Amino acid sequence: MGYATRPYLMGDLSSTRRGAAAFLDNLPVDDPHAAIGQQNWITRWTKIGDEYCLLGDLNIKKGAFDEATDAWLCALTAFETARRLVDQDDPRSVDVLAKVDGGIQRFELSLAQKIERVKITCCDHAELSAYYLPAGSPDLPASAVICISMEQETGATLLGRLLPVVIGRGMSLLVITHDDVSSHSRGKSEALLSFCLDYLSARRDVDDTRIGVYGEAFSAVLATEFAVSDGRLAAAVCDGGLWNWARIVASVDWLTRTANIALENDAISARRLQFIRQLRCPVLVVAGGRGIVSVSEATKLQAYCMAARIDLELALPRMIRSPGRGIENFVTSDDCIFGWLEHKLALNSHQYVVGQDNQIT
């Protein structure tokens with residue numbers, strides 16, 4: 001029993017992701033009945049996910065592990081699409097998150113690629129829980145990325161979103177929860193992330209020269225501070241120091257009691273570059289969207305980096321206006337971000353032209 005006998009199914013993983021991206025790009029934004037339609041779409045995408053879960057279950061019983069894996073990855077994409085449509089205070093939000101967790105548990109049944117639940121020993125014998133998705137082997141070590149969830153997001157939720165985008169890229173993931181890291185002081189947070197890097201470096205299936213870090217929203221700040229403190233990283237998706245720079249400007253504003261600070265352009269440029277020069281690896285800054293980095297400030301930073309020959313690029317997620325909020329096209333955004341990471345962490349990779357930006361469309 002395959003796609004043809006299940007009307008909700010959209011085909012294989014590639015087809016499902018294309019369908020989800022097209023759906024998000026074409027959400028009706030000016031229709032007065034858009035809110036009602038959105039509720040219907042939540043139901044539909046949840047149903048699509050459920051149908052793919054059932055298809056995966058049937059395939060696993062037949063021993064068709066690759067087909068089961070593909071179906072469960074389609075289900076995770078569908079559930080993530082539904083999650084983007086659900087308001088946080090909607091009771092269905094909890095149900096969708098539970099379905100994501102169930103999708104991960106199903107994926108763990110597959111023999112195609114395993115998920116490991118690991119404990120990383122940190123200072124004072126404390127342990128940090130994480131998900132590890134291996135892609136390499138002792139004979140052929142792979143690149144790896146430390147992925148930090150957004151605030152108030154579990155590692156499982158982030159893993160459910162990223163599994164469909166990283167499969168086939170030859171890239172291992174270590175997924176940790178924002179709250180487990182950010183609850184510590186600044187220096188302690190960086191130390192915890194360094195222990196994560198130590199863990200990956202010690203694994204025989206990881207190439208310790210090709211490890212990156214990825215964080216979005218306030219986790220992007222953690223990723224920046226980590227990349228500054230630990231020079232072993234080979235790539236970072238972070239905020240490029242813009243959050244700390246904005247806080248300094250705000251502090252100056254408060255101290256001077258002025259509404260508009262007349263800082264010299266050279267001083268502003270020097271302050272931005274002071275942060276970014278501390279990063280010794282290629283950087284991708286995700287601006288706009290649900291993140292904390294404004295497009296205007298990121299564009300200025302990029303211009304300064306181009307002049308200073310610093311390898312920094314921008315990704316600009318596509319946001320779709322929805323009643324009361326914006327919805328990000330996570331499919332195209334994640335493809336762009338992890339395509340960049342795949343390139344930067346590839347064996348014998350060559351750097352992009354400095355200053356190139358990634359307009360996500």
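All of these numbers come straight from a predicted model, not from anything done at the bench.
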Is a side-chain donor or acceptor of D87 paired with a backbone partner of D90 at a separation under 3.5 angstrom? no
What one should report as the nearest heavy-atom pair of G49 and A75 is O-CB, 3.4 Å
Test C74 against every option in T77, L76, D70 by the side-chain contact (heavy atoms from CB on, under 4.5 Å) rule and name the one that passes. D70
Using distance only, find each side-chain donor-acceptor pair of residues 94-101 under 3.5 Å and give its atom names and separation, not counting sequence neighbours.
from : atom 1 : to  : atom 2 : distance (Å)
K99  : NZ     : D50 : OD1    : 3.0
K99  : NZ     : D50 : OD2    : 3.4

Counting N and O atoms only, with roles assigned by atom type, does the side chain of N329 sit under 3.5 Å from a partner on the main chain of A21, one being a donor and the other an acceptor? yes
D205 side-chain N/O to P141 backbone N/O, donor-acceptor pair under 3.5 Å: no
Please check: side-chain N/O of T224 versus main-chain N/O of D239, any donor-acceptor pairing under 3.5 Å? yes
A side-chain contact here means heavy atoms from C-beta on lying under 4.5 Å apart; do R318 and I327 qualify? no
Where A220 and C238 come nearest, the two heavy atoms and their spacing: O-CB, 3.4 Å
Do any N or O atoms from the side chain of T177 and from the backbone of D180 form a donor-acceptor pair under 3.5 angstrom? no
Would you find a donor on one side and an acceptor on the other, under 3.5 Å apart, between the side chain of Y52 and the backbone of M10? yes
Indicate yes or no for a side-chain donor-acceptor contact from S143 to the backbone of I211 under 3.5 Å, with no hydrogens or angles considered. no
Considering only NZ, NE, NH1 and NH2 on the basic side and carboxylate oxygens on the acidic side, decide whether E67 and K62 come within less than 4.0 Å. no
If you look at every heavy atom in V286 and V237, which pair is closest and at what distance? CG2-CG1, 3.9 Å
Minimum heavy-atom distance between A142 and S172, given as atom pair plus value: CB-OG, 4.2 Å
Heavy-atom closest contact (C336 atom, A315 atom, distance): SG-CB, 4.2 Å
With a 4.0 Å cut-off, would you call K344 and E313 a salt bridge? yes
Which class fits the ring pair F218 and W243: parallel under 30°, tilted 30 to 60°, perpendicular over 60°? perpendicular
Nearest heavy-atom approach of I276 to G240 is CD1-O, 3.9 Å
Sidechain N-carboxylate O distance under 4.0 Å for R203, D208: no
Assess whether a salt bridge exists between R210 and E342, defined as any Lys/Arg side-chain N lying under 4.0 Å from an Asp/Glu carboxylate O. no
Would a 4.5 Å heavy-atom cut-off, applied to side chains only, mark L197 and F226 as touching? yes
Between the side chain of S294 and the main-chain N/O of E297, is any donor-acceptor distance below 3.5 Å? yes
Test item: C53 and F79 side chains (from C-beta on) under 4.5 Å apart, heavy atoms: yes
May I ask you to decide if F65's main-chain N or O and T69's side chain share a donor-acceptor pair within less than 3.5 Å? yes
Using the test side-chain hydrogen bond (donor to acceptor under 3.5 Å, both in side chains), find all partners of S14 that sit at least two apart in sequence or belong to another chain. R18
Is a salt bridge present between R161 and E216, judged by a nitrogen-to-oxygen distance below 4.0 Å? yes
